[in-house]
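Before any comments, here is the structure.
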2 protein chains.
Amino acid sequence: MYNKIPTLKEIAQRLKISVSTASRAMHNHPSIGLRTKTEVQQLAKELGYEPNQTALFFKQQKTHVVGVVLPNLKEEFFSQAINGIEYVAKENNYSVLIGQSHDDVEQEKQIINTMKNHRVDGLIVSISKYTKDYDHLTALEKYNIPVVFFDRVPGISFVHKVSSDIYESTKQAVEFLINNGHRRIGVINGPNEMKSCKERTDAYMKVLKNKKIKIDLSLVVFTDLTQQKTFEAMIELLKLKRPPTAIITINDYVALDAIQYARKAKLKINKDICFVSYSNLPITNYLAFPPLASVEQYPYEQAKKATEILFELLNKTNNNEEKIFYRDVIIKGQLIIHKK
Amino acid sequence: MYNKIPTLKEIAQRLKISVSTASRAMHNHPSIGLRTKTEVQQLAKELGYEPNQTALFFKQQKTHVVGVVLPNLKEEFFSQAINGIEYVAKENNYSVLIGQSHDDVEQEKQIINTMKNHRVDGLIVSISKYTKDYDHLTALEKYNIPVVFFDRVPGISFVHKVSSDIYESTKQAVEFLINNGHRRIGVINGPNEMKSCKERTDAYMKVLKNKKIKIDLSLVVFTDLTQQKTFEAMIELLKLKRPPTAIITINDYVALDAIQYARKAKLKINKDICFVSYSNLPITNYLAFPPLASVEQYPYEQAKKATEILFELLNKTNNNEEKIFYRDVIIKGQLIIHKK
DNA sequence: AAAATCCGCACAATCGGTTGCATAGGGATA
DNA sequence: TATCCCTATGCAACCGATTGTGCGGATTTT
């Protein structure tokens with residue numbers, strides 16, 4: 001036999017008072033008599049009454065839910081990000097609705113639409129690697145549902161975003177390799193439409209130019225981050241007349257595959273060929289052949305900051321007049337040199 | 001300037017009809033004239049109208065949200081599980097509200113309470129390693145919110161659960177080691193209150209007894225799965241007069257720490273000492289010194305099955321009379337031998 | 001031509017909680 | 001004793017969508 005979750009109505013009926021009185025009594029409204037107040041609060045406690053969030057939505061137009069859309073949770077980068085989001089959400093008494101796009105634009109659109117229909121108060125988004133137009137996202141802003149992007153952010157200016165300074169980190173990475181004597185540096189990059197990938201390429205070129213090292217475009221390969229494509233990229237790089245002595249990979253997962261391939265090709269890691277990567281996954285500590293260095297991108301901090309911005313936007317009495325000031329926060333990365 | 005998310009009311013006002021007519025028109029109700037129907041549906045499309053899930057809750061008493069509570073998403077085991085949950089949820093047009101307990105009982109209680117207040121239709125739960133009483137969970141069933149546990153399930157019978165057959169897998173693991181000539185087999189186990197840990201111990205004893213190998217209880221160490229405790233466990237095991245030649249660890253993360261310690265202690269992995277573990281994390285493929293074997297526990301399948309059961313429960317017209325039949329599904333594990 | 005039928009739509013209640021406004025009833029003041 | 005005021009409470013509207021019921025008007029039937 002099931003009980004119902006207690007409602008104000010029930011409390012009111014039992015005490016033979018009106019629902020409105022019960023409501024006010026719960027909120028310690030001054031116009032309610034002390035006796036009634038204590039009676040109501042007492043009974044509420046006994047029954048374990050707590051207000052129905054779903055019902056509250058009507059009056060307050062707030063669901064107290066933030067939506068999170070990201071490519072996948074499998075990557076530790078994103079599960080750490082979730083922790084940052086959850087932390088801030090909790091502080092603000094919010095819950096987190098999660099959807100994974102699995103790097104599929106259609107799924108991303110669907111998820112975001114579902115979240116709209118659930119009337120999430122705001123959204124934290126890291127876009128899929130193939131997302132090129134952002135209409136499904138900017139549309140939400142029209143409905144006054146703020147969206148803050150992190151890490152995988154769109155390359156447009158009229159959105160709020162928090163991202164890692166890939167350009168700067170990449171410069172450091174390339175300089176680090178050059179200082180270690182490398183002149184032939186390969187890049188296994190992601191799709192060049194991704195903002196961060198373009199920054200990698202640009203930074204790479206910039207440093208080589210500064211250091212007066214000849215740029216060889218056959219050293220820069222674009223992939224879709226799958227293991228298959230990584231292997232193909234390695235084949236391509238290794239069969240060059242003058243193959244690279246160091247390779248920068250777009251992230252540690254790709255680095256792992258690339259290193260695996262290099263080992264199969266009988267290359268000595270960190271001797272015949274060096275790898276530098278991004279993400280600085282904890283798991284690399286357990287590897288016999290980790291990348292030589294990896295750029296820590298602080299996913300927790302990125303996501304935390306993005307969520308803080310979201311709550312700033314939510315708490316702002318949204319003045320239609322005021323011109324929107326779009327936030328663009330950069331979280332500096334750090335090149336972590338792994339001790340051998 | 002912001003637009004409002006379109007509502008039925010708006011459509012009704014524009015067409016100068018009542019809201020109820022608009023609603024029926026959207027649902028192709030037979031009593032609505034063809035002309036009105038097409039007008040409404042046309043306008044709905046133009047405005048991008050879609051029903052407000054939150055409002056729907058009132059009439060249908062369904063939020064179309066399932067709650068998921070698990071220790072953390074960082075472990076790939078759980079992020080894979082989420083995929084299984086998300087998959088089934090999506091099939092049923094449901095969204096997923098996520099909370100991590102971080103293995104803290106208080107947080108677990110809070111999250112579950114929040115989920116209750118959000119009126120999730122059902123819950124998928126993997127309990128924290130310290131959860132010993134289940135009142136906060138079984139209470140939900142009283143409110144007719146079904147709960148299905150997976151992997152970390154309570155050791156009580158009157159709940160629905162899907163779990164891995166740890167007892168059987170552990171027998172296989174121990175037999176595997178014995179067949180490879182090991183006689184001194186250590187166990188780095190988790191807290192013995194965890195159902196799965198007790199099963200490990202029991203299975204271990206059982207096999208040794210069957211094989212007439214003397215049981216030495218100093219070979220079985222209980223930890224809380226932290227790196228610190230794992231190191232301490234290793235110290236304890238290695239300082240024994242006759243230290244183990246093989247160690248079974250509760251999961252791959254613990255195995256990684258244990259292996260790391262063993263290497264620091266100058267032991268040759270898979271020679272001086274072997275490791276067998278649980279989870280079969282993909283990452284172990286990249287390790288130079290992976291455990292010799294690991295029990296694949298199929299988190300995706302476990303979680304998928306748990307969610308399927310949840311939807312069975314949700315779709316059942318809940319007959320108060322009928323005695324509840326509690327599901328207890330076992331997903332068989334498989335001992336995966338890593339090729340060296 | 002009066003009565004029965006039926007189509008197409010509107011009204012109103014409902015879900016749970018909040019909140020502006022009205023009001024009963026008791027005590028204080030003139 | 002009449003007037004005023006104030007306290008404590010109730011009423012009702014509202015949020016968005018659904019759904020049972022009721023009804024006007026046109027068509028069909030007798």
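The chains referred to below are lettered A, B, ... by the order of the sequence lines, with proteins before strands, and numbering in each begins at 1.
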For a salt bridge (charged side-chain N to carboxylate O under 4.0 Å, His left out) check, start with the C-alpha distance between B:Glu86 and B:Lys90, then their side-chain angles and the critical distance, and finish with the verdict. CA-CA 6 Å; B:Glu86 215 188 27; B:Lys90 191 169 204 169; over 6 Å; no
Could [X] and [Y] be called an ion pair, given the rule that one side-chain N must be under 4.0 Å from one carboxylate O?
X	Y	result
A:Lys304	A:Glu308	yes
A:Glu312	A:Lys316	no
B:Glu301	B:Lys305	no

Validation row: [X], [Y] side chains within 4.5 angstrom (heavy atoms):
X	Y	result
A:Ser128	A:Asp104	no
B:Val159	B:Leu137	no
B:Val120	B:Val66	no

At a 4.0 Å cut-off to heavy atoms of chain B, the contacted part of DNA chain C spans C:dG8 to C:dG16
Among B:Glu193, B:Lys109, B:Glu108, find the one that has a side-chain hydrogen bond (donor to acceptor under 3.5 Å, both in side chains) with B:Thr131. B:Glu108
Within residues 56-82 of chain A or reaching into it, pairs that qualify as salt bridge (charged side-chain N to carboxylate O under 4.0 Å, His left out) - sequence neighbours excluded: none
Output every pair passing salt bridge (charged side-chain N to carboxylate O under 4.0 Å, His left out) with a member in residues 144-159 of chain A, not counting sequence neighbours, ordered by first then second residue. A:Asp103-A:Arg152
Nearest-nucleotide 5' precedence on DNA chain C, B:Ile32 against A:Glu50: B:Ile32
Using whole Å, report how far CG of A:Asn117 lies from P of D:dG16. 14 Å
Return the set of residues passing ring-ring contact (aromatic ring centres under 6.0 Å, His included) with B:Phe58 (not counting sequence neighbours), or none when no residue passes. A:Phe58
Using ring-ring contact (aromatic ring centres under 6.0 Å, His included) as the criterion, list what pairs up with A:Tyr326, not counting sequence neighbours. A:His160
If a protein heavy atom is under 4.0 Å from the base, mark B; if only from the sugar-phosphate, S; if neither, -; do that for nucleotides 22-27 of chain D going 5' to 3'. ------
Near DNA chain C, which residues from residues 52-59 of chain A have a heavy atom under 4.0 Å away? A:Asn52, A:Ala55, A:Leu56, A:Phe58, A:Lys59
Can you tell me which residue pairs pass the ring pair (Phe, Tyr, Trp, His ring centres under 6.0 Å) test with a partner in residues 124-150 of chain B, sequence neighbours excluded? none
Ring pair (Phe, Tyr, Trp, His ring centres under 6.0 Å) partners of residues 59-79 of chain A, not counting sequence neighbours, each pair once: A:His64-A:Tyr94
Side-chain N or O of B:Tyr49 closer than 4.0 Å to phosphate OP1/OP2 of D:dG16: no
Given D:dA8, is OP1 or OP2 found less than 4.0 Å from the side-chain N or O atoms of A:Thr36? no
Please report the end-to-end axis angle for the helix from C:dA1-D:dT30 to C:dA30-D:dT1, five pairs per end, rounded to 10 degrees. 80°
Check each residue of residues 8-28 of chain A for a non-hydrogen atom within less than 4.0 Å of any atom in DNA chain D, then write out the ones that pass by number, or none. A:Lys16, A:Ile17, A:Ser18, A:Ser20, A:Thr21, A:Arg24
Looking at residues at least two apart in the chain, or sitting in another chain, which of them share a side chain to side chain donor-acceptor pair (under 3.5 Å) with A:Gln110? none
What does A:Gln60 touch in the nucleic acid at a heavy-atom separation under 4.0 angstrom: a base, only the sugar-phosphate, or nothing? nothing
